[in-house]
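Sequence lines set the chain letters: A, B, ... in the order given, protein chains first and strands last, and positions in each chain run from 1. This structure is a prediction, so every number in the text was calculated from the model and none was measured.
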There are 4 protein chains.
Amino acid sequence: MRADARDNRERILTAAEEVFGRTPGASTDEVAKRAGVGIATVFRHFPTKVELLEAVLTQRLERLRDRARELAGSADPGRAFYDFFGQVVAEAASKLAIADALGAAGTAVGDEARQAGEGMRQAFGELLDRAQDSGAVRKDAAFPETYALLIGTARGATAVGLEPTVRDRLLALVYDGLRPRP
Amino acid sequence: MRADARDNRERILTAAEEVFGRTPGASTDEVAKRAGVGIATVFRHFPTKVELLEAVLTQRLERLRDRARELAGSADPGRAFYDFFGQVVAEAASKLAIADALGAAGTAVGDEARQAGEGMRQAFGELLDRAQDSGAVRKDAAFPETYALLIGTARGATAVGLEPTVRDRLLALVYDGLRPRP
Amino acid sequence: MRADARDNRERILTAAEEVFGRTPGASTDEVAKRAGVGIATVFRHFPTKVELLEAVLTQRLERLRDRARELAGSADPGRAFYDFFGQVVAEAASKLAIADALGAAGTAVGDEARQAGEGMRQAFGELLDRAQDSGAVRKDAAFPETYALLIGTARGATAVGLEPTVRDRLLALVYDGLRPRP
Amino acid sequence: MRADARDNRERILTAAEEVFGRTPGASTDEVAKRAGVGIATVFRHFPTKVELLEAVLTQRLERLRDRARELAGSADPGRAFYDFFGQVVAEAASKLAIADALGAAGTAVGDEARQAGEGMRQAFGELLDRAQDSGAVRKDAAFPETYALLIGTARGATAVGLEPTVRDRLLALVYDGLRPRP
DNA sequence: AATGAATGAGTATTCATTCAT
DNA sequence: AATGAATGAATACTCATTCAT
């Protein structure tokens, strides 16, 4: 039954991601129905709605962190940086809530979520450093504003429901601001 | 008595802006208390909570539109564009909800809000056009991505609670992306 | 509408007294139905279930205190004391919860209830003092044990659902313990 | 394996006594944790929460009955009666729930509990009879009121959280009522 | 026109009880 | 036989909206 429980936890988390991604203020019942379990099961796994939300957030942040870490080893640091940037924005455009997760990364209360956010920001900082060393990103772009630019671009892409073409042009604009001035 | 009513409407709107700016999920009661009127009075003026929210939104959008129009007559179109951009972002950083208003401008349901959003986007388009004509903004930056960049930057600045210095550096990055390539 | 509200408050309190008297763990819904009002109305008047319970308790304690005060002026202090004692026990036998109120008088958390309890205990102490001075109650019966005896007798009479005859005989036993030894 | 089961039953009962003694409204889970078994084990032994509560009650009543029976053979019937009375009250003062058990003895629903209550009351009646025959208790104190006095004194001692000294003085008052009038 | 009271639908959370391992 | 997970009914409390004054 350990397996069953883990399975259910996964299903609940997935359901929560979908439901809250679509309707941020959705009820826990909604999540339970979507996951196909009783409501008490949701509360057994996540004793509080806040804890459920934080678990979703944590998962998202960890995924982003992992992606950043994967790319950190790349031979082409510039490409790694811009690829990560673009992927985050692309995902945000389709999954409304990743942008919120990014925004919340600074404020997240829960310990796990905070750590995941910290890890993600560190990994992104790593990507930035290497890209700057390799000359792919201007040296005077410090971490805070670059991170803010990532968040903002992701949220901007989300808010308007941008078409892919426009999103690419938006990224082109942003990248041009990040590239070293000739 | 007409005057009293208009007065109350104003007070309610102001109160709503403050309250929802601070706590997006606040109750209508909260707004009534802040405005110093009974809750029934709020509902007399705005028969639905959604209508109240839309009124707040409309007001914000109209203010932005008016500011854009004022600047449209400026002798220095480049400066007008970047000033507007910067002001919007600066305000968003302090008033959480303006960014949402900007985001909602595309999706706004109510008729008034939609019109206000349309007007605001048109005015911003005007600023963009003139700035491009004057050579202050690159010609290949079309409206959709530029508008998305405005929204995103505003939201990015809001989400993280950026300090003014960092906000300025963020803007510098964004502006560099918007300026014509040499 | 002030009148209506006060009216409703009364009805809710009365309903609560009946309902909680019968079923101590009853739900707030039950009280609302019994009072013939919507559940939100109950919560408007008593924002918390605890506050509702305390209001019931307070009311009961105040009634007892008032009765004690009335009797305090009596020309026959002995009779006043034993009358009060008997009335409390008689009421407790029919209204389950008065005994609890008496018990809670020492522990009541809410400020109003605490004060009412204090007032009631003081009034009872007064009755006791005078009865002792008049020689109707033995002088070595101090307040704490006499009060405990009152509470206990009331609760004893309640718990078993005593018939009036038996109750009278119980009181006779208790009174004999309180009278001065010859 | 029969031994294991009986062992578990004991542990659950003990745990239930502790838990419900402290927190009358406690959950079955609480009991399971305290007993160090899974919740399903509790329900295997006591298919219903009511049955568990009744088992606790039965156990308590049986203990009291046994104590009364032990004392029934004593050479000094008066002392036996007053000792029993005092012990019950002393225990009630520390173990909140014994008083409830005594009260419930009249109303007990379950068959076992009812029988245990009956047995306990019979044994107490025996003690009373002998004490009356020996002249230690007045002859006109019939069983019903004397039993009510026992219950009441026990509950009175519990409700207020009486100190031992006061409890003793309370008992002195009660005993004086029970002793034959000179 | 303005007020504050009343309402019921909705929400998070708990708990006794039942299943699957 | 024992376990822990799953379940749905129940409960306290909130909120947008409607009535009576």
Sort and list the pairs that fulfil salt bridge (Lys or Arg N to Asp or Glu O under 4.0 Å) and have at least one residue in residues 39-64 of chain C, not counting sequence neighbours. E17(C)-R60(C), E17(C)-R63(C)
Are side-chain heavy atoms of L13(B) and F46(B) found at a separation under 4.5 Å? yes
Partner set under side chain to side chain contact (heavy atoms under 4.5 Å, CB included) for S94(A), not counting sequence neighbours: none
Calculate the interatomic distance between I12(C) atom CD1 and dA12(F) atom P; express it in whole Å. 15 Å
Once side chain to side chain contact (heavy atoms under 4.5 Å, CB included) is applied, do any residues pair with S27(C), and if so which ones, sequence neighbours excluded? D29(C), E30(C)
Check side chain to side chain contact (heavy atoms under 4.5 Å, CB included) between A16(D) and all other residues, then give those that pass, not counting sequence neighbours. F20(D), V31(D), L52(D), V56(D)
In dot-bracket notation, what is the pairing pattern of DNA chain F, taking Watson-Crick (N1-N3 plus N6-O4 or O6-N4) and G-U wobble (N1-O2 and O6-N3) contacts under 3.5 Å, with [ ] crossing and | for other strands? .||||||||||||||||||||
Just to be sure I understand the geometry, which residues of residues 24-35 of chain C put a non-hydrogen atom under 4.0 Å away from DNA chain F? S27(C), T28(C)
Below 3.5 Å, can you tabulate the donor-acceptor pairs from side chains in residues 32-43 of chain D to any protein atom, sequence neighbours excluded?
unit_1, atom_1, unit_2, atom_2, d
R34(D), NE, E18(D), OE1, 2.4
R34(D), NH2, E18(D), OE1, 2.5

Residue-phosphate contact under 4.0 Å: N8(C) side-chain N/O, dA5(E) OP1/OP2: no
The residue, R9(C) or G36(B), whose nearest nucleotide of DNA chain E is more 5′ is G36(B)
Any residue meeting salt bridge (charged side-chain N to carboxylate O under 4.0 Å, His left out) with E118(A), in chain and number order, not counting sequence neighbours: R121(A)
List in chain and number order the residues that pass side-chain hydrogen bond (donor to acceptor under 3.5 Å, both in side chains) with D100(D), two or more places apart in sequence or in another chain; answer none if no residue qualifies. R155(D)
So if I take every side-chain heavy atom of A5(A) and compare against dT7(F), dA5(F), dT21(F), which nucleotide ends up nearest? dA5(F)
Quick one: salt bridge (Lys or Arg N to Asp or Glu O under 4.0 Å) pairs with a partner in residues 103-113 of chain D, sequence neighbours left out? none
Using heavy atoms and a sub-4.0 Å distance, could you list which residues of residues 39-57 of chain A are near DNA chain E? By number, please. I39(A), A40(A), F43(A), T48(A), K49(A)
Identify, with sequence neighbours excluded, every residue that meets side chain to side chain contact (heavy atoms under 4.5 Å, CB included) alongside A104(D). L57(D)
